[in-house]
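What you see is a predicted model, and the numbers here were worked out from it, not measured in a lab.
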Amino acid sequence: MRHAIAAFLFKQMLTWPLGLMVVKKDYITYPVRFFKKENKSSFSFEYFIYTALCAIFNIKYPEKYNSFVKLLYIVFYAGIMTLGEVAIERYTNLIKYRKWKWYWSFQTLGITNYLSRIFYKWFFREDFTSQSAEFS
């Protein structure tokens, strides 16, 4: 649980300024959202859905596999999340792309997930060194 919470909170730290910047620059709008007066960003997406998926991303990360499998995992996760966002944008009124394209979501999700992975490995470095010592 502590591993998931650390990844969740780190991703929130990234999505807070990025989400606000994207909305302020009018790249994306969220016509239907919680806290309409306080924040033009989407609480649901930026602070819960993406962050929860990032926690799962880190917990299920294929650490013992080669670099190619790890890259595929990052691309797969960013791709699935982007497909979900594009479907929501196309078929609901929750997200509206204004000056935004799907590939920006794909890139930012992949990069922020990877950054969260770097932080996760650094934060739990003792867990990783003790695991590698057990297998030696």
Side-chain angles (χ1 to χ4, degrees):
M1 185 60 100
R2 67 188 178 98
H3 287 251
I5 290 170
F8 184 90
L9 292 174
F10 182 80
K11 181 76 171 208
Q12 279 186 336
M13 184 190 72
L14 294 176
T15 61
W16 174 262
L18 292 174
L20 291 175
M21 182 189 71
V22 166
V23 169
K24 185 175 175 90
K25 298 267 188 195
D26 202 33
Y27 294 143
I28 296 176
T29 60
Y30 297 98
V32 178
R33 64 186 185 275
F34 296 116
F35 313 119
K36 288 185 180 198
K37 293 180 183 177
E38 291 79 13
N39 191 349
K40 292 187 180 194
S41 185
S42 173
F43 179 81
S44 301
F45 290 114
E46 304 290 346
Y47 309 115
F48 182 69
I49 295 170
Y50 294 153
T51 54
L53 290 172
C54 182
I56 297 167
F57 168 85
N58 276 288
I59 299 301
K60 300 291 184 183
Y61 192 82
E63 190 62 42
K64 295 177 182 155
Y65 289 86
N66 64 37
S67 297
F68 181 71
V69 171
K70 292 176 183 178
L71 178 64
L72 283 178
Y73 183 78
I74 293 167
V75 169
F76 174 77
Y77 242 86
I80 292 297
M81 291 170 68
T82 302
L83 281 173
E85 180 180 276
V86 168
I88 290 168
E89 193 272 335
R90 188 166 290 156
Y91 300 113
T92 72
N93 199 28
L94 297 175
I95 302 172
K96 291 299 171 202
Y97 290 172
R98 297 184 52 88
K99 302 173 197 169
W100 193 259
K101 301 291 183 198
W102 66 268
Y103 49 82
W104 288 109
S105 291
F106 178 77
Q107 290 174 356
T108 56
L109 289 167
I111 290 167
T112 57
N113 279 349
Y114 183 69
L115 289 173
S116 78
R117 185 64 193 171
I118 292 170
F119 169 79
Y120 179 87
K121 281 192 74 170
W122 170 80
F123 193 78
F124 294 109
R125 63 190 170 275
E126 284 131 15
D127 292 356
F128 286 100
T129 53
S130 67
Q131 285 176 0
S132 62
E134 290 174 11
F135 294 110
S136 299

Close side-chain approach of [X] and [Y], heavy atoms under 4.5 Å:
X: V32; Y: Y30; value: no
X: Y77; Y: L109; value: no
X: S41; Y: Y47; value: yes
X: R98; Y: I28; value: no
X: N58; Y: F8; value: no

Pairs flagged by side-chain hydrogen bond (donor to acceptor under 3.5 Å, both in side chains) wherever residues 1-20 is involved - sequence neighbours left out: R2-D127, H3-Y120, H3-D127, K11-T112, K11-N113
Proximity of F123 and F10 rings by center, below 6.0 Å: no
Could you check whether the rings of F119 and W122 sit parallel, tilted or perpendicular, using 30° and 60° as the cut-offs? tilted
Rounded to the nearest 0.5 Å, what's the gap from [atom1] on [X] to [atom2] on [Y]? Could you check?
X: C54; Y: M81; atom1: SG; atom2: CE; result: 7.0 Å
X: F106; Y: I111; atom1: CZ; atom2: CD1; result: 10.0 Å
X: F48; Y: L53; atom1: CZ; atom2: CG; result: 9.0 Å
X: S105; Y: W100; atom1: OG; atom2: CH2; result: 5.5 Å

Evaluate side-chain contact (heavy atoms from CB on, under 4.5 Å) for L83 paired with W102, printing each intermediate quantity in order. CA-CA 8 Å; L83 281 173; W102 66 268; over 6 Å; no
More than 12 non-hydrogen atoms from neighbouring residues, nucleotides or ligands closer than 6.0 Å to [atom1] on [X], yes or no?
X: Y97; atom1: OH; value: yes
X: K96; atom1: NZ; value: yes
X: Y73; atom1: OH; value: yes

Report the hydrophobic cluster partners of L72, with the cluster defined as I, L, V, M, F, W, Y residues connected by side-chain heavy atoms closer than 4.5 angstrom, directly or transitively. F68
Is the backbone of L94 close enough, under 3.5 Å, to the side chain of T92 for a donor and an acceptor to pair up by distance? yes
Shared hydrophobic cluster for [X] and [Y] (ILVMFWY, side-chain gaps under 4.5 Å):
X: Y91; Y: I95; result: no
X: I118; Y: V69; result: no
X: Y65; Y: Y61; result: no

Can you list everything that forms a salt bridge (charged side-chain N to carboxylate O under 4.0 Å, His left out) with K70? Sequence neighbours excluded, please. E63
Before you tell me yes or no, could you show the steps for Y50 and E85 under side-chain contact (heavy atoms from CB on, under 4.5 Å), namely the whole-Å CA-CA distance, both residues' side-chain angles and the distance that decides it to 0.1 Å? CA-CA 10 Å; Y50 294 153; E85 180 180 276; 2.2 Å; yes
Could you go through L115 and L14, starting from their C-alpha distance and side-chain angles, then the distance that decides it, and tell me whether this counts as side-chain contact (heavy atoms from CB on, under 4.5 Å)? CA-CA 9 Å; L115 289 173; L14 294 176; 4.3 Å; yes
